[in-house]
Amino acid sequence: QVQLVESGGGLVQAGGSLRLSCAASGRTFSSYSMGWFRQAPGKEREFVASISGSGARTYYRDSVKGRFTISRDNPKNTVYLQMTSLKPEDTAVYYCAASYGLSAPQHGYEYDYWGQGTQVTVSS
């Protein structure tokens, strides 16, 4: 069982930055690929970024490439999402998720555990 707790969300103006954190329980954090997803009101959940257990492999959705960076600190059992040049369309609840046995998957059904989410609001 893995428990995930996100933090770092908030209200920011367009062009600003935020760093989301996701702290994981358990002693096998490096065995899990981690992902960030988001869901805006009235829209389906969508993939944002993922990272393999070692951190060697990362993937991003096209709309965040060059603006968002996913990273992880395995000794601290934490994954981060650094978001820069934020846009109003980035407004959503952001969720982190953990996937065992796959390398940086990009689909929600490939993840085994989910956090409760953190709200990110970008004002224009």
Side-chain angles (χ1 to χ4, degrees):
Q1 188 78 8
V2 175
Q3 293 185 324
L4 304 172
V5 179
E6 302 98 334
S7 60
L11 173 64
V12 64
Q13 289 188 329
S17 299
L18 281 175
R19 188 176 81 156
L20 306 183
S21 299
C22 174
S25 66
R27 294 177 289 179
T28 58
F29 182 65
S30 62
S31 298
Y32 289 84
S33 287
M34 299 298 294
W36 286 96
F37 292 76
R38 67 187 181 188
Q39 187 167 21
K43 295 187 177 181
E44 294 187 353
R45 182 180 64 195
E46 63 183 20
F47 168 78
V48 177
S50 60
I51 187 167
S52 60
S54 67
R57 183 173 296 179
T58 58
Y59 294 103
Y60 298 90
R61 71 179 296 106
D62 287 345
S63 62
V64 308
K65 285 180 181 177
R67 299 190 299 122
F68 291 10
T69 303
I70 189 170
S71 62
R72 65 190 297 159
D73 186 337
N74 284 346
K76 293 184 178 180
N77 280 18
T78 302
V79 63
Y80 304 97
L81 185 67
Q82 179 69 51
M83 305 184 294
T84 64
S85 301
L86 282 161
K87 304 175 180 180
E89 51 264 43
D90 294 319
T91 295
V93 177
Y94 283 71
Y95 300 89
C96 74
S99 173
Y100 184 79
L102 299 176
S103 182
Q106 301 169 55
H107 301 95
Y109 63 81
E110 296 175 299
Y111 285 81
D112 306 298
Y113 302 100
W114 293 82
Q116 82 290 347
T118 186
Q119 176 71 48
V120 171
T121 303
V122 184
S123 63
S124 57

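What you see is a predicted model, and the numbers here were worked out from it, not measured in a lab.
Between Leu4 and Tyr95 there is no side-chain heavy-atom pair separated by less than 4.5 Å. Here the side chains of Phe68 and Trp36 are not in contact, with every heavy-atom distance at 4.5 Å or above. Contact of the Met83 side chain with the Leu20 side chain is registered, since non-hydrogen atoms from C-beta on lie closer than 4.5 Å. Here the side chains of Phe29 and Lys76 are not in contact, with every heavy-atom distance at 4.5 Å or above.
Side chain of Gln116 to backbone of Val5: no donor-acceptor contact under 3.5 angstrom is found. A distance-only check finds no donor-acceptor pair linking the side chain of Ser30 to the backbone of Asn74 [under 3.5 Å]. In this structure, Ser85 contributes its side chain and Arg67 its backbone to no donor-acceptor pair below 3.5 Å. The backbone N or O of Thr84 lies less than 3.5 Å from no partner atom in the side chain of Ser17, so there is not a single donor-acceptor pair. Of the possible donor and acceptor atoms, one in the side chain of Tyr111 sits under 3.5 Å from a partner among the backbone N and O of Pro105.
Note that the CD atom of Gln82 and the CG atom of Leu18 stand 8.5 Å from one another [nearest 0.5 Å]. The CZ atom of Phe37 sits 10.0 Å away from the CZ atom of Arg61 when rounded to the nearest 0.5 Å. Distance OG/Ser33 to OH/Tyr100: 11.0 Å, rounded to 0.5 Å.
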key: Evaluation steps, side chain to side chain contact (heavy atoms under 4.5 Å, CB included), between Arg38 and Val64   = CA-CA 12 Å; Arg38 67 187 181 188; Val64 308; 4.1 Å; yes

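In summary, Asp90 and Lys87 do not engage in a salt bridge, as defined by a charged side-chain N under 4.0 Å from a carboxylate O.
The hydrophobic clustering, which links ILVMFWY residues whose side-chain heavy atoms are closer than 4.5 Å, places Val12 and Leu81 together. No continuous path of hydrophobic side-chain contacts links Tyr80 to Val2 [ILVMFWY only; heavy atoms under 4.5 Å]. Residue Val93 is not grouped with residue Val48 when hydrophobic side chains (ILVMFWY) are merged at heavy-atom distances under 4.5 angstrom, including chains of intermediate members. Neither Tyr32 nor Leu102 shares a network with the other; the hydrophobic side chains, linked directly or stepwise wherever heavy atoms of I, L, V, M, F, W or Y lie under 4.5 Å apart, form separate groups for each.
With sequence neighbours excluded, the residues that form a side chain to side chain contact (heavy atoms under 4.5 Å, CB included) with Gln106 are Phe47, Ser50, Tyr59. Take Arg72 and apply the salt bridge (charged side-chain N to carboxylate O under 4.0 Å, His left out) test, not counting sequence neighbours, and it matches no residue.
Nearest approach of Ala98 to Met34, heavy atoms of both residues: CB-SD, 3.6 Å. Across Ser99 and Glu110, no two heavy atoms sit closer than the pair OG-O, 2.8 Å.
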Please table the atom pairs, donor to acceptor, closer than 3.5 Å between any side-chain atom in residues 117-124 and protein atoms at least two apart or in another chain.
residue: Thr118; atom: OG1; partner: Gly9; partner atom: N; Å: 3.2
residue: Gln119; atom: NE2; partner: Ala92; partner atom: O; Å: 3.4
residue: Gln119; atom: NE2; partner: Thr121; partner atom: OG1; Å: 3.3

